[in-house]
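First comes the structure, then the notes that go with it.
All values reported here derive from a predicted model rather than from experimental measurement.
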Amino acid sequence: MSITDVLSADDIAAALQECQDPDTFEPQKFFQTSGLSKMSASQVKDVFQFIDNDQSGYLDEEELKFFLQKFESGARELTESETKSLMAAADNDGDGKIGAEEFQEMVHS
């Protein structure tokens, strides 16, 4: 599966352009611009599977660091503060990782 099977390449490029500078990544803005927030819950969970490198069913901080690169290989890594902020925004149960349900809830919040 390629991310462009479910999201428009133009929308992804626009979303990445908005956060190309370090410490400018805003999850909700990214989800809206990329089209993720308009997707159904099951489609968002499909995208989650694509982002989940080790297929553990969870995203940890190491996977979140490369979040943008899952949308385009040449994109930058998230900074440490962006990674922690993204984790805090989605990790509802405080276990230090983001499950598919938590990811879907964050995208649609």
Side-chain angles (χ1 to χ4, degrees):
M1 172 180 143
S2 167
I3 199 77
T4 53
D5 291 344
V6 290
L7 293 171
S8 146
D10 289 342
D11 290 347
I12 291 170
L16 290 170
Q17 180 68 32
E18 290 176 347
C19 63
Q20 68 181 351
D21 295 323
D23 295 317
T24 59
F25 176 72
E26 296 174 24
Q28 293 309 322
K29 187 175 183 181
F30 183 86
F31 299 148
Q32 288 173 351
T33 304
S34 68
L36 256 175
S37 60
K38 297 180 196 112
M39 298 173 76
S40 71
S42 69
Q43 288 172 312
V44 170
K45 288 175 185 172
D46 288 343
V47 171
F48 173 88
Q49 296 299 325
F50 182 75
I51 297 168
D52 182 14
N53 280 342
D54 60 8
Q55 298 300 301
S56 65
Y58 296 96
L59 301 177
D60 57 27
E61 280 195 17
E62 189 62 26
E63 287 169 309
L64 291 180
K65 182 174 153 181
F66 302 106
F67 181 81
L68 297 177
Q69 293 175 359
K70 290 308 228 169
F71 293 86
E72 181 184 287
S73 61
R76 69 177 179 86
E77 292 179 8
L78 292 180
T79 64
E80 185 174 343
S81 63
E82 288 171 324
T83 302
K84 290 189 182 311
S85 174
L86 183 55
M87 178 64 75
D91 184 19
N92 298 330
D93 60 10
D95 64 357
K97 54 192 178 188
I98 300 171
E101 286 288 328
E102 290 171 316
F103 182 74
Q104 182 267 311
E105 288 170 16
M106 174 180 59
V107 168
H108 287 135
S109 67

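- Heavy-atom neighbours of E80 CD from other residues, nucleotides or ligands within 6.0 Å: at or below the threshold of 12.
- In the hydrophobic clustering of this structure, F66 does not group with F71; members are Ile, Leu, Val, Met, Phe, Trp, Tyr whose side-chain heavy atoms approach within less than 4.5 Å, directly or through other members.
- Between F50 and K70 the shortest side-chain heavy-atom distance falls below 4.5 Å.
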- Message: If you apply the rule side chain to side chain contact (heavy atoms under 4.5 Å, CB included), what do you find for D46 with V6, and how did you get there?
- Response: CA-CA 9 Å; D46 288 343; V6 290; 5.6 Å; no
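- D11 approaches S34 most closely through the heavy-atom pair CB-O, 3.5 Å.
- Between I51 and F103, the closest side-chain pair of non-hydrogen atoms falls below 4.5 Å.
- Residues E26 and C19 have side chains not in contact (no heavy-atom distance under 4.5 Å, counting atoms from C-beta outward).
- In this structure, M39 and V44 approach most closely via the heavy-atom pair CB-CG2, 4.0 Å.
- Under a 3.5 Å cut-off, the side chain of S73 and the backbone N or O of Q69 do not form any donor-acceptor pair.
- S56 and D54 form a side-chain donor-acceptor contact under 3.5 Å, judged by distance and modelled atom types alone.
- In this structure the side chain of T24 reaches within 4.5 angstrom of the side chain of R76, judged on heavy atoms.
- Note on residues 89-106: pairs passing salt bridge (charged side-chain N to carboxylate O under 4.0 Å, His left out), not counting sequence neighbours, are K45-E101.
- Side chain of Q49 to main chain of Q55: no donor-acceptor pair is present (N/O by atom type, distance under 3.5 Å, no hydrogens or angles).
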